[in-house]
K.L.:
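Here it is: the structure, laid out below.
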Amino acid sequence: MRMIVVSVALFLVTAAIAAQTRPARPPARPPSRPAGSLAQVMRGIFFPNSNLIFDVQQHDPAAPKKPADAGGGSATSTYGDAYSGWEIVENAAVALTDGVDLILTPGRSCQNGKPVPVQRADFQQFARQMRTAGLAVLQAARTKNQEKVSDATNDLADACAGCHEVYRDKGLADSPARCTPPK
């Protein structure tokens with residue numbers, strides 16, 4: 001019996017010492033507030049990157065580039081050729097796919113000040129369609145086949161149009177009708 005009491009006491013002392021020597025967990029970071037509106041995310045990520053992808057319908061990314069005009073040191077002329085044609089298309093598809101997480105970030109507002117309807121089933125469905133379309137473009141871009149990417153742009157256009165018809169195409173950018181869920 002004495003051996004059991006000593007063993008239990010030793011166990012408790014060892015557990016107490018071990019608990020004190022464990023590194024403390026870092027405090028949880030509070031969620032950050034989105035920096036921009038939904039319109040800014042669309043204009044900064046979705047609009048330019050979808051246009052890079054839609055451009056594949058008319059221009060082969062593997063085709064030699066025409067010499068650029070002297071840009072006078074602008075960012076476009078300085079960094080415009082930093083990536084190859086197909087890499088640009090792949091990067092654009094990744095931006096659209098992963099950008100969906102930014103659209104769904106809680107706390108983001110529309111340009112008119114209304115909250116982005118991230119909890120609505122239809123909005124979430126539109127976001128899933130964008131992610132699916134972005135992944136399809138990425139897969140097609142990795143084949144470096146212009147026709148396959150061009151075909152994938154149909155789903156991309158549909159993903160954009162579906163959400164726009166419901167949430168965006170209801171007036172000017174600041175219109176109170178925008179970002180208003182259907183009744």
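In this chain, residues are counted from 1 in sequence order. For clarity, every value in this text was computed on a predicted model and none was experimentally measured. Below, each value reflects all heavy atoms present in this structure, side chains not excepted, and no hydrogens, waters or symmetry copies.
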K.L.:
Nearest heavy-atom pair of I45 and L102: which atoms, and what distance?
P.N.:
CD1-CD1, 3.4 Å

K.L.:
For a side chain to side chain contact (heavy atoms under 4.5 Å, CB included) check, start with the C-alpha distance between V100 and L104, then their side-chain angles and the critical distance, and finish with the verdict.
P.N.:
CA-CA 6 Å; V100 169; L104 294 174; 3.9 Å; yes

K.L.:
Is it true that R178 and D169 make a salt bridge, defined as a side-chain N closer than 4.0 Å to a carboxylate O?
P.N.:
no

K.L.:
Cut-off 3.5 Å, side chains only: do R168 and Q111 have a donor facing an acceptor?
P.N.:
no

K.L.:
Would one find more than 12 heavy atoms of other residues, nucleotides or ligands at under 6.0 Å from atom CD of E87?
P.N.:
yes

K.L.:
Minimum heavy-atom separation for M42 to P48, with atom names?
P.N.:
O-CD, 4.0 Å

K.L.:
Donor-acceptor pair, R33 side chain versus G107 backbone, under 3.5 Å?
P.N.:
yes

K.L.:
With side chain to side chain contact (heavy atoms under 4.5 Å, CB included) as the test, pick out the partner of F123 among P117, C179, P181.
P.N.:
P117

K.L.:
Does any non-hydrogen side-chain atom of Q58 lie less than 4.5 Å from one of S150?
P.N.:
no

K.L.:
Quick check for you: to the nearest 0.5 Å, what is the distance between R43 atom CZ and L38 atom CG?
P.N.:
9.5 Å

K.L.:
Look only at the side chain of S37 and the backbone of Q40, and say whether a donor-acceptor pair between them is shorter than 3.5 Å.
P.N.:
yes

K.L.:
I want to check something: taking the side chain as every heavy atom from C-beta on, are T132 and D155 in contact at a cut-off of under 4.5 Å?
P.N.:
no

K.L.:
Look up atom NZ in K170 and atom CG in N112, then write down how far apart they are to the nearest 0.5 Å.
P.N.:
11.0 Å

K.L.:
Between atom OG of S84 and atom CG of N91, what is the distance when rounded to the nearest 0.5 Å?
P.N.:
8.5 Å

K.L.:
For A93, is there any backbone N or O sitting under 3.5 Å from a side-chain donor or acceptor partner on T97?
P.N.:
yes

K.L.:
Can R128 and Q125 be counted as having a side-chain donor-acceptor contact under 3.5 angstrom?
P.N.:
yes

K.L.:
Can you find a heavy atom in the side chain of E90 that is under 4.5 Å from one in the side chain of V137?
P.N.:
no

K.L.:
Should L52 and L138 be regarded as members of a common hydrophobic cluster, given that ILVMFWY residues are connected when their side-chain heavy atoms come within less than 4.5 Å of each other, either directly or indirectly?
P.N.:
no

K.L.:
Is it true that, when you exclude Q119 itself, more than 12 heavy atoms of the residues, nucleotides or ligands shown sit nearer than 6.0 Å to its CD?
P.N.:
no

K.L.:
In chain order, what residues pass the side-chain hydrogen bond (donor to acceptor under 3.5 Å, both in side chains) check against R120, with sequence neighbours excluded?
P.N.:
D122, Y167

K.L.:
Do you see a donor-acceptor pair shorter than 3.5 Å between the side chains of T180 and K114?
P.N.:
yes

K.L.:
Compare all side-chain heavy atoms of V116 with those of S109 and state whether any distance is below 4.5 angstrom.
P.N.:
no

K.L.:
Are side-chain heavy atoms of L156 and M130 found at a separation under 4.5 Å?
P.N.:
yes

K.L.:
Could you tell me whether the side chain of L96 reaches within less than 4.5 Å of the side chain of I53, counting heavy atoms only?
P.N.:
yes

K.L.:
Please say yes or no: joined through hydrophobic side-chain contacts below 4.5 Å, possibly via intermediate residues, are V89 and F54 part of one cluster?
P.N.:
yes

K.L.:
Under the 3.5 angstrom rule, does the side chain of D98 hit a backbone N or O of A95 as a donor-acceptor pair?
P.N.:
no

K.L.:
A quick test of your reading: do over 12 heavy atoms of other residues, nucleotides or ligands sit less than 6.0 Å from NZ of K144?
P.N.:
yes

K.L.:
Do you know which of N145, T143, V56 makes side chain to side chain contact (heavy atoms under 4.5 Å, CB included) with W86?
P.N.:
V56

K.L.:
Assigning hydrophobic clusters by single linkage (Ile, Leu, Val, Met, Phe, Trp, Tyr; side-chain heavy-atom cutoff under 4.5 Å), is V149 placed with L135?
P.N.:
no

K.L.:
Is a donor on one side and an acceptor on the other found under 3.5 Å between the side chain of N51 and the backbone of F47?
P.N.:
yes

K.L.:
Specify the closest pair of heavy atoms between A152 and A140, including all atoms of both residues, with the distance to one decimal.
P.N.:
CB-CB, 4.3 Å

